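All residue numbers refer to positions in the sequence shown, counting from 1. Everything numeric here is computed off the predicted structure, so don't read it as measured data.
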Amino acid sequence: MSLESLKLLIQLYIKPLSTMTKILDEINWVPGLLMTLTVSLLFYYGVSEKIYKGYEAVFPVIENFNNDSEEVSDSADEVIYEEKLLTSKPLPLFGQYGWLLFSFSRSRTVSTFLTLSLLHVPLVLMFLNLFEPQASLSNTINRDYGSLLTCSFMAWTAAHLPFAFLGFFLPQTSASLSLMLWVVAKSIFAGFMLAVLRSLFGARLSRSLLIIVFSSLSIALENFALGLPFTIFWLYLYVKGEEKDVGAIYRNRRAIRRNLQAAAINPQDAEANYQLGLAYQHRRQYNEAIIWFQKAVEIDFREIDAHFQLGKIAKLQARLQDAITHFNNVVVQDEKHSQNEIWREIGSTYLAASMFEDAFNAIEKYVERREYDPEGLYYMGVTLVRLNRQEEAKRFLEKAIE
């Protein structure tokens, strides 16, 4: 654990959104893992152990128990083992059935890092891809697993650390109060994860809340065995050779720092500003990406790639007029930019603005030059539907499916 990681941990309590971005830029998953392991042990002895002794490890009293009799002792152990589920105190809300899901034993606590790695992070990525689809699940995992795991380690540590220390000041018999601290810590962790989704992926608040709700069980269960399906999926990706991009976020982080240093040395370096914009766009931190793309354009108005990306972000944010303005700046300089994809972007923007004739003219140029691109064919089909040219639309949509 470095001083920098400890500093960022403290800053999480003050500015969680901006600090999550710094975590991505300045540390990797190793300090987060070490802090998670340390706080897991502290949290167990401060909080979870009291819950375990007060609720879970409540055994029946064996009559005529004789410490000198090995035979009776073995019998008592067997009774304790067989009757454990029936003699543990019922959990609030869940009753005795809660013990089928939850456990506060030491083994469950110290495996927190496995739960985060194999259950929580994959679930969050799965629901993120479901509610805000960007790519296939395997591509989402390759692209975002490392960054989300790093932030999850830091979020878990920040959420549990204060209560771990507070628990040491509670009496050994305060199982109910310790259970309350346990619930509050999990709730705060969910709040930190909300900040992660907002800062790392730019997810909308409503979607972020849904993702946290659906992944909340993994926060509470702390049972890494439930992550077995993801482990199998991970091995499948490894066998297919598709896991190679998992470390891309770390290479991207180093690229950000290099470009930041370059931009600081030479503030007139448009390329360095553009590369920074790409890095933030890759994380879906669009507001930061816009700042750096705009700086690149201010330095060199002919920075055509920056105009192109500004147009794509504006379209994504439904600022359609701004998108058209940036795309026009691209076309003036190079009408075949990005293998003619500029015309697809212009056409889809006009389509979103219900300017169907303009959309048709732009997409027609793209389809003539890239006749096998399914996305272009799809946009052409939809545009023709809007123009009431149903037969032609059917032909393009069928070709897109093929």
Side-chain angles (χ1 to χ4, degrees), residues 1-44 46-48 109 112-117 119-121 123-125 128 144-168 180-205 207-209 211-213 215-216 218-220 222 249-250 252-254 256-257 260 279-280 283-288:
M1 286 182 283
S2 64
L3 290 176
E4 187 62 35
S5 59
L6 292 175
K7 177 183 176 182
L8 291 172
L9 181 64
I10 295 172
Q11 290 178 353
L12 267 179
Y13 300 110
I14 305 170
K15 297 179 179 179
L17 285 172
S18 59
T19 304
M20 285 300 176
T21 299
K22 292 180 180 179
I23 288 172
L24 288 175
D25 293 340
E26 299 176 19
I27 69 170
N28 59 32
W29 60 272
V30 176
L33 171 62
L34 294 176
M35 286 191 285
T36 298
L37 290 172
T38 303
V39 174
S40 294
L41 290 173
L42 291 173
F43 192 77
Y44 171 76
V47 177
S48 298
T109 300
T112 297
F113 76 98
L114 288 174
T115 305
L116 290 172
S117 304
L119 181 60
H120 176 66
V121 170
L123 275 179
V124 171
L125 288 175
L128 178 70
D144 298 321
Y145 178 83
S147 56
L148 182 58
L149 181 63
T150 300
C151 290
S152 296
F153 279 149
M154 295 294 288
W156 195 96
T157 300
H160 290 76
L161 181 60
F163 301 100
F165 285 118
L166 182 60
F168 284 103
M180 291 178 59
L181 294 182
W182 186 87
V183 172
V184 172
K186 303 303 175 186
S187 301
I188 293 177
F189 174 54
F192 277 127
M193 288 305 301
L194 189 64
V196 171
L197 293 175
R198 295 283 288 163
S199 61
L200 180 58
F201 301 107
R204 286 173 287 179
L205 181 60
R207 299 290 176 84
S208 298
L209 287 170
I211 293 168
I212 294 300
V213 168
S215 62
S216 60
S218 66
I219 297 173
E222 292 185 344
I249 186 63
Y250 301 113
N252 184 47
R253 182 183 301 117
R254 289 193 293 270
I256 286 180
R257 300 190 73 175
L260 277 172
Y280 284 111
R283 296 179 183 174
R284 284 172 268 182
Q285 295 175 255
Y286 298 120
N287 291 334
E288 289 81 0

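Inter-residue side-chain proximity for L161 and L9 is flagged as met; some heavy-atom pair is nearer than 4.5 Å. A heavy-atom distance below 4.5 Å is found between the side chains of L42 and F168. Considering only heavy atoms from C-beta on, V124 comes within 4.5 Å of L197 through its side chain. Residues T150 and L33 form no side-chain contact, since every pair of their non-hydrogen atoms from C-beta on lies 4.5 Å or further apart. A heavy-atom distance below 4.5 Å is found between the side chains of L6 and M35. In this structure the side chain of F153 never reaches within 4.5 angstrom of the side chain of P31, judged on heavy atoms. Between M193 and V196 the shortest side-chain heavy-atom distance falls below 4.5 Å. Between F163 and W182 there is no side-chain heavy-atom pair separated by less than 4.5 Å.
Shortest non-hydrogen contact noted between M154 and S5 is CE-O, 3.7 Å. Residues L123 and S215 approach most closely at CB-CB, 4.4 Å, considering heavy atoms. In this structure, L205 and R198 approach most closely via the heavy-atom pair N-NH1, 3.2 Å. The heavy-atom pair separating L194 from S208 by the smallest distance is CD1-CB, 3.3 Å. Listed here is the closest heavy atom pair of G167 and V47: CA-CG2, 4.1 Å. Of all heavy-atom pairs spanning T157 and G32, the tightest one is OG1-O, 4.2 Å.
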Pair S40-W156, side chain to side chain contact (heavy atoms under 4.5 Å, CB included): steps then yes or no: CA-CA 9 Å; S40 294; W156 195 96; 3.5 Å; yes

Candidate pair M20 and L12, rule side chain to side chain contact (heavy atoms under 4.5 Å, CB included), full reasoning: CA-CA 7 Å; M20 285 300 176; L12 267 179; 3.5 Å; yes

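Between T112 atom OG1 and F43 atom CZ the span is 9.0 Å, to the nearest 0.5 Å. To the nearest 0.5 Å, the span separating CD on E288 from OG on S18 amounts to 9.5 Å. From R207, atom CZ reaches atom CD1 of I212 across 14.5 Å, with rounding to the nearest 0.5 Å. For the atom pair CG of L128 and CD1 of I211, the computed distance is 4.5 Å after rounding to the nearest 0.5 Å. For the atom pair S117 OG and W29 CH2, the distance stands at 8.5 Å (nearest 0.5 Å).
Sorted by first and then second residue, the salt bridge (Lys or Arg N to Asp or Glu O under 4.0 Å) pairs involving residues 153-167 (not counting sequence neighbours) form an empty list.
A search for ring-ring contact (aromatic ring centres under 6.0 Å, His included) contacts involving H120 returns F189, not counting sequence neighbours. Annotation: side chain to side chain contact (heavy atoms under 4.5 Å, CB included) contacts of L41 (sequence neighbours excluded): V110.
The 12-atom threshold is exceeded at OH of Y13, counting heavy atoms of other residues, nucleotides or ligands nearer than 6.0 Å.
Using modelled atom types, no side-chain atom of Y44 and backbone atom of V39 make a donor-acceptor pair closer than 3.5 Å. In this structure a side-chain-to-backbone donor-acceptor pair under 3.5 Å is missing from T36 to F113.
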